[in-house]
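Each remark here refers to the structure printed beneath this line.
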Amino acid sequence: MVGSSEAPAVFAKFSSNEIIGEMGRLLFFLLDAFSGAGYHIKLFDSLPHASLDKYGRLACSLENVCVTDAIPSETSEMIYL
């Protein structure tokens with residue numbers, strides 16, 4: 001945690017499309033667990049949008065989830081998925 005007032009953060013970048021299997025349920029439940037625990041999640045925009053399906057698109061709209069096309073410059077205090 002970069003400061004005591006900041007919420008913990010997660011950077012998620014997936015190198016294969018297996019995470020969007022099951023209509024995106026895997027991605028949804030993984031990100032929902034971190035979101036529900038108060039983490040701020042930066043999801044790297046590397047997944048094909050056409051393949052996200054129902055739950056994958058829903059995962060991108062979860063509270064505290066931000067889709068990004070840039071890797072954060074400082075990740076030493078982040079969890080990396």
Name the atoms and distances for all side-chain donor-acceptor pairs under 3.5 Å in residues 54-62, with sequence neighbours left out.
unit_1 : atom_1 : unit_2 : atom_2 : d
Arg57  : NH1    : Asp53  : O      : 3.4
Ser61  : OG     : Leu58  : O      : 2.8

Summary of side chain to side chain donor-acceptor pair (under 3.5 Å) pairs that have at least one residue in residues 34-50, sequence neighbours excluded: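 Residue pairs passing side chain to side chain donor-acceptor pair (under 3.5 Å), neighbours aside: Asp45-His49.
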Residues 8-24, side-chain donor-acceptor partners within the protein, below 3.5 Å, at least two apart:
none

Joint hydrophobic cluster, Phe34 plus Met78, side-chain heavy atoms closer than 4.5 Å: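 Shared cluster, no.
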Derivation and outcome, side-chain contact (heavy atoms from CB on, under 4.5 Å), residues Thr68 and Leu43: CA-CA 6 Å; Thr68 182; Leu43 176 62; over 6 Å; no
CD1-CD1 distance between Ile41 and Ile79, expressed to the nearest 0.5 angstrom: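 Between Ile41 CD1 and Ile79 CD1, I get 9.5 Å after rounding to 0.5 Å.
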Reported CG-to-CD distance for the pair Leu31 and Glu63, which is rounded to 0.5 angstrom: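 Taking CG in Leu31 and CD in Glu63, the distance rounds to 13.5 Å.
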Flag side-chain contact, heavy atom, 4.5 Å: Ile71 against Phe44: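 In short, these two side chains touch, coming nearer than 4.5 Å.
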